[in-house]
Amino acid sequence: MAKILLLNCGSSSIKYQLLDPAVGEPEAVGIVQRIGEEVSTIDHKVAGQKFHEELPLPDHSIGVAKVVKMFEQHGPSIDDVAAVGHRAVHGGMEFVEPTVITDEVVQRMRQLIPLAPLHNPPGIAGIEGAQKVFPGVPHVAVFDTAFFANMPEEAYTYAIDRHIAERWAIRRYGFHGTSHQYVAGKTAEFLGQPLSELRLITAHIGNGASMTAIEHGRPIDTSMGMTPLEGLVMGTRSGDIDPGLFTYLVRTGMSVGDVDRMLNKSAGLQGLAGHTDMRDINHACERGDERAILALAVYCRRIVKYVGSYLALMGGADALVFTAGVGENSRGVRAEVVRRLAGMGFTLDAEANECSIDEPTIISAPDSKVKVLVVPTNEELAMAQQVEALVASL
Ligand code: ADP
């Protein structure tokens, strides 16, 4: 039994899971929220029981220590944890595979903070907190960007002054890599074909959303860029916009910080329709709310544009794969995207699309030129498998 503790530190939260990759199902899951506020919360779930506490947790280090206390009080035992896996959002050009964390690695991660000022500092704080409470086991960082490290140069290069790009490490990095990679592997397994023979379009559509073209196992393009802002319309992010808009708004008197916040926190579905959650958008559409109807149209159109461009780049595709919160649950978004792709030979099996889906499922009709699937993602399991493989090789 090799238990892995996984930590995913956000700006004010720590999500955690204890899991044995050979079993797959987590033994315990939990979340610490509102770190740094007057009252923080921790929710710990084990064997169908839920434990909730409210207390001040001023920083991530103290948050991680509290997580350990919850395990001690409510189980399961963490004495036999073989490794701690840390989700790291941005690995820059430095980290192209899961990496055992040493002081030097933390130092190099610190140097990447300018590339991901919101995500990397809490990640590093979580690592340092966890190293204190688990001094004797390997800690491994799994990078969201790593899968995209060997994208073709023409795919990751922005057409800007190359000296500036080099000076500031500006390129397309891509995110959600662990999920795209996992879902591609699962799709190949489910279809009974080697990944090396497939051309896949994976659509990880959750609150954050990105799409990737994966040709014979290699990502050849992805919709998120230097930051997770680029690409699809998301819960609160705009996705693709004319960068001239940023300059224009700053000239009108908005501060750089305000524009940045607007594009990341109050754009996307939130900006268009006042809701971030696709369920709320769907309800609003049912009530005839015109803003929600437009938001959904903009959202689906963007997905279709990416499908089209990836079909062109790969000369076709064997499958379009939906995953993550919206991809796995929103029948309406899937149906609308496939409807809009009818001209490219996509057809839906409406009955299959209506079922509630918790395992890989084909939702296209047999005559569809490209198969359409829903393949549930499991980023934690994928991370745990990567951590286990690396630790086994040490
Ligand atoms: P995150 O990017 O935060 O990891 P998830 O992949 O968990 O997000 O996706 C969360 C989103 O999934 C929610 O904001 C909501 O829009 C969508 N979602 C979840 N369940 C449903 C559902 N039953 N129908 C439609 N959308 C759903």
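If you read the sequence from its start, that first residue is 1, and numbering goes on from there. All ligand and atom numbering here is 1-based and tracks the order in the structure.
Ranked by closest heavy atom to atom 10 (C) of ligand 1, the top entry among N282, L269, N207, T377 is N207.
A cation-pi arrangement is absent between R302 and Y306, since the terminal nitrogen or guanidinium carbon is not both under 6.0 Å from the aromatic centre and inside a 45° cone about the axis.
Remark: aromatic rings of H139 and H86 are close, center separation under 6.0 Å. Taking the six-membered ring for Trp and the full ring otherwise, F71 and H44 have centroids separated by under 6.0 Å.
Short contacts between ligand 1 and G208, defined as distances under 4.0 Å to a heavy atom of the residue, involve ligand atoms 2 (O). Set against the non-hydrogen atoms of V326, the atoms of ligand 1 under 4.0 Å away are 12 (O), 16 (O), 17 (C).
At distances below 3.5 Å, not a single donor-acceptor pair connects side-chain atoms of S364 with backbone N or O atoms of K371. No donor-acceptor distance shorter than 3.5 angstrom exists from the side chain of R172 to the backbone of T157, with no hydrogens or angles considered.
Under a 4.0 Å heavy-atom criterion, G235 is not in contact with ligand 1.
Atom CZ of R34 is surrounded by 12 or fewer heavy atoms from other residues, nucleotides or ligands within 6.0 Å.
For atom 5 (P) of ligand 1, a protein heavy-atom neighbour is found at a distance under 4.0 Å.
Considering backbone and side-chain atoms alike, G325 places an N or O below 3.5 Å from some N or O of ligand 1. Of the N or O atoms in G206, none lie within a sub-3.5 Å distance of an N or O in ligand 1. Every N/O-N/O distance between I205 and ligand 1 stays at or above 3.5 Å.
Here the heavy atom of the protein found nearest to atom 15 (C) of ligand 1 is D277 OD1, 3.3 Å. With hydrogens left out, the protein atom closest to atom 24 (N) of ligand 1 is R279 CG, 3.4 Å, a heavy atom. With respect to atom 21 (C) of ligand 1, the closest heavy atom belonging to the protein is N329 CB, 3.4 Å. Atom 16 (O) of ligand 1 has M278 N, 2.7 Å as its closest protein atom, hydrogens excluded (heavy atom only).
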